[in-house]
J.: 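Before we start, here is the structure in question, set down as structure tokens.
Not measured: the values here are computed from a predicted model.
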Amino acid sequence: MDLNWKSAIDSIPILNKAAVLTLELTAVAVAIGVVIGLLMALARLSKSKVVRAAAIGYIDFFRGTPLLVQIFLVYFLAPKIFHWDTLPNNYQYFAGVLAMGLNSGAYIAEIFRAGIQSIDRGQSEAARSLGMAHSQSMRYVILPQAFKRVIPPLGNEFIALLKDSSLLSIIAIQELFYSGKIIVGRTFQPIPMYITVALYYLVMTQLISQWVSYMERRLGKNDIR
Amino acid sequence: MISVKNLHKSFGKLEVLKGIDCQVQESEVVVVIGPSGSGKSTFLRCLNKLEEPTSGEIIVDGIPLDSEINVNAIRREVGMVFQRFNLFPHMTAIQNVVLAPQIVRKTNKAEARKIGLELLEKVGLSDKADEYPDRLSGGQQQRVAIARALAMKPKIMLFDETTSALDPEMVGEVLAVMKDLAREGMTMVVVTHEMGFAREVGDRVIFMDEGIIMEEGEPNEMFAHPQNPRTQAFLSKIL
Ligand SMILES: Nc1ncnc2c1ncn2[C@@H]1O[C@H](COP(=O)(O)OP(=O)(O)OP(=O)(O)O)[C@@H](O)[C@H]1O
Ligand SMILES: [Mg+2]
């Protein structure tokens, strides 16, 4: 096999930029996902049947349908919902991040729910017996402990989403995979390029998982049981 | 202080409390004994509505335990100490103690800390104020838990087998704190297997079995001359 690596090496500045964009898109999506996920987890554990059912519907929909379909759905649906006749500049970024955020919100909701439910019942009983309202017990006693426990699964979700962000290429977002593909269209050297792109993803996911285990060690110090 | 009338509690088909009637006077120390599964914990947990009674009437400090608002009001006045401590592991001893006064009673930070340190001093742990629970022994954790409950300035304290999870050498230090409280005139309902404690500070012993109060009386009198055969059988096993 005669591989020409020069084109891949020449593309490093472009790929660097694309990698940074990929990280940024993923980070924003996870941030949206954490907010939605927390709300959905609390809704999922609510006393009200209606609230619970709404949360379950949301979670099932976004976990039970392909992200690729969700990206298209959001892409075409958002302008209708916001009544945009002309699309804003760089609209695809908005739609892409929103779709990924909505999607990860469903997964993160289940992560938070498991985290909250993993906290010993005695904790909320102690809090309630001190006269705390349900919301106070959540905020001061349960969630701080649950947050520590969900760091590893949240890290995994971040990594999964980083990889899935390559799907955003379908709506012409210049993330890592899309950039690689464009360059291949010019150089006709797919193998070196896709190996390079794969290595970029690998390095990023490795770094994230290192960082997560560091955070876990730092925050887990006072967690017993 | 506490008035319970015809209290029933079922978990599904299992009827755990089958009509409890009980009065507790101010400053009275009532000790509840009985075999495992007889419903002692369930009874105690009904008193601050950690369990929802199936039927019956509970009045605590003049407030009927029915609406949600009353429940939170009652819980502020009724402290509870658990068998397994249930300290908040992400907070230091002093933080455990001051949390509820600050967010429930809205006591300001400095004042809450002052009260908190006094209470830790009272339970003999002023030097452990800034330790996390996992750095404390079982007996120390339980004393912090007592201080935490006292920080709400409750009128009544409920103790559910607070020494059962402790190594034998730590039982004494926790009982000592409870005895002090009893002497200071705290109204207490104590589920325990510590008969020495019942004798020394109990004003009354209640023997529960199969969800009803089988017998009650003054501790020394009841331990010496139990009337009910079930009480006799139970006492012969543990005295
Ligand atoms: N949340 C619950 N759901 C179902 N059954 C329960 C629940 N809590 C308690 N029970 C049952 O109720 C009965 C009485 O339990 P309870 O804990 O009140 O007994 P106890 O007298 O405190 O016993 P022990 O001395 O072992 O603590 C037991 O049969 C127990 O299995
Ligand atoms: Mg019990």
J.: Could you go step by step and tell me if A:Thr65 and A:Gln70 meet the side-chain hydrogen bond (donor to acceptor under 3.5 Å, both in side chains) rule?
T.: CA-CA 7 Å; A:Thr65 57; A:Gln70 292 164 18; 2.7 Å; yes
J.: Below 4.5 Å from any heavy atom of chain A, which atoms of B:Arg105 appear? Answer side chain, backbone, both or neither.
T.: neither
J.: Chain A: which of B:Arg76, B:Lys49, B:Arg148 shares the most heavy-atom pairs with it under 4.5 Å?
T.: B:Arg148
J.: Using distance alone, with no hydrogens and no angle criterion, decide if B:Asp160 and B:Ser41 have a side-chain donor and acceptor under 3.5 Å apart.
T.: yes
J.: Relative to chain A, which segment of B:Phe82 carries a heavy atom at a distance below 4.5 Å: side chain, backbone, both, or neither?
T.: side chain
J.: Pick one of side chain, backbone, both or neither for A:Arg121, based on which atoms fall under 4.5 Å of a heavy atom in chain B.
T.: side chain
J.: Measure the acute angle between the ring planes of B:Phe88 and B:His90, then classify it against the limits of 30° and 60° as parallel, tilted or perpendicular.
T.: tilted
J.: Are A:Ser118 and A:Arg149 close enough that a side-chain donor and a side-chain acceptor fall under 3.5 Å?
T.: yes
J.: Which answer fits B:Ile103, side chain, backbone, both or neither, if we ask what part of it has an atom under 4.5 Å from a heavy atom of chain A?
T.: both
J.: Please determine whether the number of non-hydrogen atoms from other residues, nucleotides or ligands lying under 6.0 Å from atom OH of A:Tyr214 exceeds 12.
T.: no
